[in-house]
Amino acid sequence: MTVIDPDTRADWAADAEADIAEEAEEMPLSLRLSIADTLTLGNATCGFMAVYFTTTGILIPHLTGSQETGMARHSAATAVILMLLAAIFDLFDGLVARKLRSSPMGAELDNLSDLISFGLAPAYFVLVYGMVADDAHQKVSAVAAIVVLLAVVLRLARFSCVTLKDGMFQGMPSPFGALTVVSIVLLELPFIPTLLAIIGTAWLMVSRVEYPKPRGVLAVAMLSWIIGAMGLLAAWAFDAPGGQLLLQTGCALQVVLGAVIPLFATARRVNTFRDNRRESREARAAQLP
């Protein structure tokens with residue numbers, strides 16, 4: 001049996017701790033995760049689990065011929081709630097990053113996580129919808145799912161390259177777009193209107209329509225809406241009285257907001273353009289002798 005002298009063991013432990021501390025100090029800043037980065041990883045985890053519940057609770061029972069509609073309803077609600085949680089993580093990681101700090105990896109982590117939660121997850125939800133809905137066409141739904149995914153990819157890539165004035169987004173933000181796409185599916189409209197609404201939402205994500213960033217009162221309103229949507233989904237999942245009506249009302253409101261906000265933004269942009277032209281004409285007129 002090997003006997004280790006206590007003093008030698010203490011010296012060895014102290015040297016090991018010193019080496020670890022030295023390595024931590026020498027670790028590049030790009031490899032250190034901040035609190036904001038941890039929230040961003042929570043966003044990615046929620047997106048992956050949304051895909052998991054969509055597969056195990058909706059797609060697999062359909063392929064195996066299971067008639068348990070309650071399980072499919074619970075799984076659909078769970079998947080959407082996870083996307084809503086991902087939106088909360090996405091909202092707070094930006095707030096935390098501004099208040100505290102974010103690592104140099106923060107922007108890249110945010111884009112990759114958004115791609116999973118607001119690109120892959122809703123696109124997969126549309127794909128599964130096309131496989132399980134009675135009046136849907138699987139191949140056409142697959143094309144719509146690809147359109148949603150590519151729209152989010154293009155939007156996130158453009159966000160990394162284009163600099164806009166502070167406080168504005170160009171194109172519908174991907175969390176808002178993902179929730180709008182899922183709301184369209186949950187409304188259970190006929191296939192053609194559902195398909196057109198999904199493609200329209202994808203177009204809005206890559207459009208040049210300006211959307212305000214969720215800060216201050218707007219951030220509180222967005223958080224309240226997400227929490228309310230979670231409550232509606234829970235009521236629907238557990239077959240509460242009026243749950244179906246509440247869910248459809250909430251989804252319809254999300255879709256209406258998705259359509260109305262671009263109209264207001266476009267109207268504001270047109271009015272600003274007209275005001276600038278009028279001021280230019282007045283300035284030229286004032287310079288004439």
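Computed from a prediction, not measured in an experiment: that's the story for all the values here.
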Checking Phe191 now: which residues fulfil ring-ring contact (aromatic ring centres under 6.0 Å, His included) with it, not counting sequence neighbours? His137

Out of the candidates Leu127, Val128, Thr54, Thr64, only one should pair with Leu59 under the side-chain contact (heavy atoms from CB on, under 4.5 Å) rule; please name it. Val128

Using modelled atom types only, decide if a donor and an acceptor are shared between the side chain of Ser113 and the backbone of Thr40 within a distance under 3.5 Å. yes

Is the number of heavy atoms from other residues, nucleotides or ligands within 6.0 Å of CD (Gln244) greater than 12? yes

For Ile116 and Gly47, which heavy atoms make the closest approach, and how far apart are they? CG2-C, 3.9 Å

same_hphob_cluster(Ile58, Leu63) at 4.5 Å side-chain heavy-atom cutoff: yes

Check the pair Asp37, Leu41 against side chain to side chain contact (heavy atoms under 4.5 Å, CB included), reporting the backbone distance first and the verdict last. CA-CA 6 Å; Asp37 297 333; Leu41 294 178; 5.6 Å; no

Sole candidate of Asn111, Asp114, Leu115, Leu179 that passes side-chain contact (heavy atoms from CB on, under 4.5 Å) when paired with Ser174: Asp114

Decide yes or no for Leu150 and Val206: does some side-chain heavy atom of the first lie under 4.5 Å from some side-chain heavy atom of the second? no

Side-chain donor-acceptor contacts of residues 254-262 below 3.5 Å, not counting sequence neighbours, with atom names and distances?
from, atom 1, to, atom 2, distance (Å)
Gln254, OE1, Trp225, NE1, 2.9
Gln254, NE2, Thr180, OG1, 3.0

Can Tyr124 be reached from Met131 by stepping across I, L, V, M, F, W or Y side chains whose heavy atoms are under 4.5 Å apart? yes

Does the side chain to side chain contact (heavy atoms under 4.5 Å, CB included) test come out yes or no for Val80 and Phe125, once each step is laid out? CA-CA 9 Å; Val80 181; Phe125 200 81; 4.1 Å; yes

Side-chain contact test, heavy atoms from C-beta onward, threshold under 4.5 Å: evaluate it for Leu154 versus Met205 and give yes or no. no

OG1-CZ distance between Thr78 and Arg73, expressed to the nearest 0.5 angstrom: 11.5 Å

Verify, without hydrogens or angle tests, whether Arg208 (side chain) and Gln170 (backbone) share a donor-acceptor contact under 3.5 angstrom. no

Where Ala144 and Leu195 come nearest, the two heavy atoms and their spacing: CB-CD1, 3.4 Å

Which value, rounded to the nearest 0.5 Å, describes the distance between Asp90 atom CG and Cys46 atom SG? 11.0 Å

Aromatic ring proximity, centroids under 6.0 angstrom, His74 and Phe238: yes

In terms of heavy-atom contacts, Val147 and Ala202 come closest through CG1-CB, 3.7 Å

Would Asp93 and Asn43 count as having a side-chain donor-acceptor pair, cut-off 3.5 Å? no

Tell me whether Leu232 shares a hydrophobic cluster with Val181, the cluster being built from Ile, Leu, Val, Met, Phe, Trp, Tyr side chains joined at under 4.5 Å. no

Under 4.5 Å between side-chain heavy atoms, hopping through other hydrophobics if needed: is there a path connecting Phe53 to Trp236? yes

Is there a side-chain contact between Trp203 and Ile199 in this structure, where contact means two heavy atoms from C-beta onward sitting under 4.5 Å apart? no

Met172 vs Val209 side-chain heavy atoms within contact, under 4.5 Å: no

According to a hydrophobic-cluster definition based on side-chain heavy atoms being under 4.5 Å apart (Ile, Leu, Val, Met, Phe, Trp, Tyr only), do Phe89 and Ile227 belong together? yes

What one should report as the nearest heavy-atom pair of Ser141 and Val126 is O-CG1, 3.9 Å

Rest of the hydrophobic cluster containing Ile60 (Ile/Leu/Val/Met/Phe/Trp/Tyr, side-chain heavy atoms under 4.5 Å)? none

Students should find that the hydrophobic cluster of Leu112, defined by side-chain heavy atoms under 4.5 Å apart, otherwise consists of none

If the condition is side chain to side chain contact (heavy atoms under 4.5 Å, CB included), which residues does His62 pass it with, not counting sequence neighbours? Val132

Evaluate the criterion side chain to side chain contact (heavy atoms under 4.5 Å, CB included) for residue pair Leu84 and Leu233; output intermediate values, then yes/no. CA-CA 10 Å; Leu84 290 167; Leu233 284 164; 3.5 Å; yes

Got a second to check how far Leu196's CG is from Ile184's CD1, nearest 0.5 Å? 10.0 Å

Could you give me the CA-CA distance, side-chain angles and deciding distance for Glu188 and Thr194, then say whether side chain to side chain contact (heavy atoms under 4.5 Å, CB included) is met? CA-CA 8 Å; Glu188 298 181 346; Thr194 298; over 6 Å; no

List in chain and number order the residues that pass side chain to side chain contact (heavy atoms under 4.5 Å, CB included) with Ala50, two or more places apart in sequence or in another chain; answer none if no residue qualifies. Ala79, Leu82, Met83, Ala121

All heavy atoms of Gly177 vs all of Thr201, minimum pair found to be O-CG2, 3.7 Å

Closest heavy-atom contact between Gly171 and Arg155? O-NH2, 3.4 Å

Heavy-atom side-chain proximity of Phe118 to Leu156 below 4.5 angstrom: no

